[in-house]
2 protein chains.
Amino acid sequence: MGKQMTEMLKGTLEGIVLALLTGKAAYGYEITTQLREQGFTEIAEGTVYALLVRIEQKGLVDVEKRPSEKGPPRKVYTLNAQGENELNEFWNTWSFLSERIEELRKEGK
Amino acid sequence: MGKQMTEMLKGTLEGIVLALLTGKAAYGYEITTQLREQGFTEIAEGTVYALLVRIEQKGLVDVEKRPSEKGPPRKVYTLNAQGENELNEFWNTWSFLSERIEELRKEGK
DNA sequence: TACCGGTACTTAGTTCTACTATGTAGTGGT
DNA sequence: ACCACTACATAGTAGAACTAAGTACCGGTA
């Protein structure tokens, strides 16, 4: 992964995953696959699982274990009310930052 | 500073500062002031100075010391060719990331 | 039977960047 | 003499993504 992208993902990857969980529960392996499909080809598996542990400990998601036909049981994550709040805050923070940055780009800076 | 913003600035603050330096040299105190004026009211002074040391060591800027009428000498930073390359890469990385994220927002996710 | 690829999750240790907190210095005004 | 503003520096901390390695379950194939 490019170093710039690695650093830029800090603080945004969590929001991206919370957004992916909106309206649709998912498990770790699935989320990793979705991220890859959406162009984040180089996100490390370990990164996603560590992030999921973190947001679970922060109480942003509910977890349910379900058997898989193809391997070990899946841990299915569902966004809860607290997670939705966090996601809203994420959108606010993101909007602020991206507006400033786009302004800099416009100014040819 | 909000924790989300702190994390989100990782990887973007460097690009923001490089963008500020485009076409106009500036010194640390000045850059800090500009950031504050542009809404980044809570960015710590020390953060900016540390960042400037870093981009100087990476060879992205040229430095010149100039006397000040009002205090200790200023260290004036100018974006050089390598810095412009880094800034271009920053815009590429930023574009990629912000497009994905805006797509997630559109999907109501 | 033994092996391998795909599915699925875990975690210890590293790196990088922003923050906190504090310190140093020069200038002008009261 | 003191204070506010200007101007830069840095040691230590926290947080998040990475590397690298491991565990475990299943099906197909040699």
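Residue numbers begin at 1 in each chain, while the letters A, B, ... track the order of the sequences. Keep in mind that this is a model prediction, so the values were computed, not measured.
- Comparing D:dA7, C:dA8, D:dG15 against the side chain of B:Glu7 picks out D:dG15 as the nearest.
- Residues from residues 71-84 of chain B with heavy atoms under 4.0 angstrom of DNA chain C, sorted by number: B:Gly71, B:Pro72.
- Using modelled atom types and a 3.5 Å distance limit, the side chains of B:Thr93 and A:Gln4 yield a donor-acceptor pair.
- Contact check on B:Lys58 versus B:Glu14 returns a salt bridge, with a Lys/Arg side-chain nitrogen under 4.0 Å from an Asp/Glu carboxylate oxygen.
- C:dC19 atom C1' lies 16 Å from atom CZ of B:Phe40, rounded to whole Å.
- Computed from coordinates, the B:Met8 CE to C:dC19 P distance equals 13 Å when rounded to whole Å.
- Following rounding to the nearest Å, A:Lys70 (NZ) and D:dG28 (P) show an atom-to-atom distance of 11 Å.
- Comparing B:Glu45 and B:Leu51 along DNA chain C, the residue whose closest nucleotide (by nearest heavy atom) sits nearer the 5' end is B:Leu51.
- Listed candidates were C:dC9, D:dA17, C:dT17. Nearest to the side chain of A:Tyr29 is C:dC9.
- When heavy atoms are screened at a 4.0 angstrom cut-off, B:Thr47 is found touching base atoms of the nucleic acid.
- We find that CD of A:Glu56 is positioned 12 Å from C1' of C:dC9, with the value rounded to whole Å.
- Comment: A:Glu30 does not engage A:Lys75 in a salt bridge, judged by the lack of any side-chain N to carboxylate O separation of less than 4.0 angstrom.
- Distance B:Leu97 CG to D:dA17 C1': 13 Å, rounded to the nearest Å.
- Among the nucleotides C:dT17, D:dA16, C:dC9, the one closest to the side chain of B:Glu14 is C:dT17.
- Within 4.0 Å (heavy atoms only), A:Leu13 reaches sugar-phosphate atoms of the nucleic acid but no base atom.
- Between A:Ser68 and the phosphate of C:dT7, there is no side-chain N or O to OP1/OP2 separation shorter than 4.0 Å.
- Using modelled atom types and a 3.5 Å distance limit, the side chains of B:Arg100 and B:Ser95 yield no donor-acceptor pair.
- Scanning for ring-ring contact (aromatic ring centres under 6.0 Å, His included) contacts around B:Tyr49 gives an empty result, with sequence neighbours left out.
- Distance CG (B:Leu35) to P (C:dC19): 10 Å, rounded to an integer number of Å.
- If you measure from atom CD of A:Glu42 to atom C1' of D:dA17, you get 13 Å, rounded to the nearest angstrom.
- Salt-bridge check for B:Arg105 with B:Glu102: passed, with a basic side-chain N closer than 4.0 Å to an acidic carboxylate O.
- Checking side-chain atoms of A:Arg66 against main-chain N and O of A:Arg74 turns up no donor-acceptor pair under 3.5 Å.
- Among the nucleotides D:dA14, C:dA8, D:dA7, the one closest to any side-chain atom of B:Tyr27 is D:dA7.
- Counting to the nearest Å, the C1' atom of D:dC5 and the CD atom of B:Glu69 are 13 Å from each other.
- Between the side chains of A:Glu89 and A:Trp94, not a single donor N or O lies within less than 3.5 Å of an accepting N or O.
- Between B:Tyr49 and D:dA9, a side-chain N or O to OP1/OP2 separation shorter than 4.0 Å is absent.
- Using a 4.0 Å cut-off, some side-chain N or O of A:Arg54 falls inside it from OP1 or OP2 of D:dA17.
- Residue B:Gly46 is in base contact, counting any heavy-atom pair closer than 4.0 Å across all strands shown.
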